[in-house]
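Every heavy atom of this structure was used, including side-chain atoms; hydrogens, water molecules and symmetry mates were not.
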Number of protein chains: 2
Amino acid sequence: MRDRTTDTPSTLERLDLLALGTRLKRLGERLQADTTEFLRASGVHIAAGSLPVMVSISERPGATVSDIVDDLGIAQPGVTRTLGTLADAGLVAFTRDPADARRRTIALTDAGEQLLTRAQHVAWQPVAEALRRMVGTEDRALVTHLAHLEAALDERSLHVRAVEARRQEAPR
Amino acid sequence: MRDRTTDTPSTLERLDLLALGTRLKRLGERLQADTTEFLRASGVHIAAGSLPVMVSISERPGATVSDIVDDLGIAQPGVTRTLGTLADAGLVAFTRDPADARRRTIALTDAGEQLLTRAQHVAWQPVAEALRRMVGTEDRALVTHLAHLEAALDERSLHVRAVEARRQEAPR
DNA sequence: GGAAGATAGATAGCGCGTTATGTTTCGGGA
DNA sequence: TCCCGAAACATAACGCGCTATCTATCTTCC
């Protein structure tokens, strides 16, 4: 699509680590969009971003919204929204927890089960294999790096770390 | 913030490469948000995502929207929107190109120059250093990996690669 | 038992990436 | 010269991450 092979270094490349956030976001965006496209071309009509939610539900019968949030580590409003669109599509259903009216327990509908199964049969393996060929050549180093970064940020945010770095470099 | 250290493997971890898109997006999101927060705490009021655009403009006097798009590799409507908010904030200004009324040439205002300079003085170095400590220990492998991935996707999309992978694995 | 605080979830709205499509203007060929 | 396709940009709308805040319900404790 884009041909950057002959370019002089772009601003993003020159900014290097400072542009890391944007680059990661864009890369993630592309992967999700491509996966969604592949799914659709394979007759599975669901956004790639909804799949983790579906999987999480399917493995936690009787899960609540909070359970999914804890599992996926995604902010609650995001999960609520995804569940809403899945419910609109008839793929999941809620029931009020009789023991606690604040909670909603979530389950895949039959249609949801079927779609998830089809997605797994049709798309899981090829997409994972394609990614493995691009990424995995170097022995899973990328995923390991990401996990390190995530863990480091969980421990102390970049904001805090930057403050520390500044304090050390200019202790006037 | 989140404490996932004691968790059993989350769905995202188990999905592994299939969840790569989401994970990258989330990581990028966090980095951008943290950087914005650090900037604000340092008295520089601008979203981290706007900085690449500002830098690109400052290095290309007389640039048009398309020039920025080509430089950053971001979709044109995104650039247009960012320029709009920067213009609202009085940081950039447009002038119609007299030679071609379709084009708008873009320049930083004095306020924009000042803000960019302050951002560079105040924030660049600490943020880069903090990231380097988290990421760079392993010899820039992460950034190299990302560049590889980006180049590979530029060449053939994940969608196409997944189709290929499927064809090979099930050549019935 | 009733007020106060905690918890589950919903809602509102932003950030920044995307595609699809609409306008205006330019340039090149019949 | 005029028209038609291409180019530059704008607009609309979606995706999916986020924070902040609201409402309803439950729990706790006096």
Tell me whether the side-chain N/O atoms of [X] come closer than 4.0 Å to OP1 or OP2 in [N].
| X | N | result |
| --- | --- | --- |
| A:Thr64 | C:dA8 | no |
| A:Arg26 | C:dT18 | yes |
| A:Arg104 | C:dA10 | yes |
| B:Arg81 | C:dT18 | no |
| A:Thr80 | C:dA10 | yes |

Quiz item: What's the spacing between A:Thr64 OG1 and A:Arg104 CZ if we round to 0.5 Å?
Solution: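 Interatomic distance, A:Thr64 OG1 to A:Arg104 CZ, rounded to 0.5 Å: 12.0 Å.
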
Quiz item: Between atom OG1 of A:Thr11 and atom CD1 of B:Ile57, what is the distance when rounded to the nearest 0.5 Å?
Solution: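 The CD1 atom of B:Ile57 is 10.0 Å from OG1 of A:Thr11, to the nearest 0.5 Å.
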
Round to the nearest Å and state the distance from [X] atom [atom1] to [N] atom [atom2].
| X | N | atom1 | atom2 | result |
| --- | --- | --- | --- | --- |
| B:Gln76 | C:dT19 | CD | P | 11 Å |
| A:Leu20 | C:dG17 | CG | P | 13 Å |
| B:Leu24 | C:dG17 | CG | C1' | 14 Å |
| A:Leu83 | C:dA10 | CG | C1' | 12 Å |
| A:Arg23 | C:dC16 | CZ | P | 18 Å |
| A:Leu39 | D:dG15 | CG | P | 14 Å |
| B:Gln32 | D:dC18 | CD | P | 13 Å |
| B:Leu158 | C:dT18 | CG | C1' | 16 Å |

Quiz item: A:Ser66 or A:Lys25: which one's nearest nucleotide on DNA chain C is closer to the 5' end?
Solution: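 Of the two residues, A:Ser66 wins.
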
Quiz item: Hey, which of these two, A:Val65 or A:Thr22, hits DNA chain C nearer its 5' end, going by closest nucleotide?
Solution: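 Nearer the 5' end of the strand: A:Val65.
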
Exercise. Could you state whether B:Trp124 and A:Val160 fall into the same hydrophobic cluster, counting links through intermediate Ile, Leu, Val, Met, Phe, Trp or Tyr residues with side-chain heavy atoms under 4.5 angstrom apart?
Key: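 Not linked; separate clusters.
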
Quiz item: Could a donor-acceptor pair under 3.5 angstrom be found where the side chain of A:Arg102 meets the base of C:dT7?
Solution: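 Such a pair exists between side chain and base.
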
Practice problem: Ignoring the backbone of B:Arg103, work out which of D:dC16, D:dC18, D:dA8 is nearest its side chain. | Solution: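 Side chain of B:Arg103 sits closest to D:dA8.
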
Quiz item: Choosing from D:dT25, D:dG17, D:dT19, which nucleotide comes nearest the side chain of A:Asp100?
Solution: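 For A:Asp100, the side-chain atoms sit closest to D:dT25.
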
Quiz item: Between A:Ser58 (side chain) and A:Val55 (backbone), is there a donor-acceptor pair under 3.5 Å?
Solution: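 Yes, A:Ser58 side chain to A:Val55 backbone: donor-acceptor pair under 3.5 Å.
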
Quiz item: Is a donor on one side and an acceptor on the other found under 3.5 Å between the side chain of A:Asp34 and the backbone of A:Leu31?
Solution: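 Checking the backbone N and O of A:Leu31 against the side chain of A:Asp34, no donor-acceptor pair under 3.5 Å is found.
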
Exercise. May I ask you to say what A:Ala101 touches in the nucleic acid, namely base, sugar-phosphate or nothing, with a heavy-atom cut-off under 4.0 Å?
Key: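 It contacts sugar-phosphate atoms only.
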
Exercise. Looking at every strand, decide which applies to A:Thr82 at a 4.0 Å heavy-atom threshold: base, sugar-phosphate, or nothing.
Key: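 Result for A:Thr82 = nothing.
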
Quiz item: Want to settle it: does A:Pro77 or A:Ser50 sit nearer the 5' end of DNA chain D, counting the closest nucleotide to each?
Solution: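 By nearest-heavy-atom nucleotide position, the 5'-most residue is A:Ser50.
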
Quiz item: Taking for each residue the nucleotide of DNA chain D with the nearest heavy atom, is it A:Gly49 or A:Pro98 whose nucleotide lies nearer the 5' end?
Solution: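 The residue mapped nearer the 5' terminus is A:Gly49.
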
Practice problem: Please lay out, stage by stage, how A:Thr22 and B:Gln32 fare under the test side chain to side chain donor-acceptor pair (under 3.5 Å). | Solution: CA-CA 7 Å; A:Thr22 321; B:Gln32 287 205 147; 3.1 Å; yes

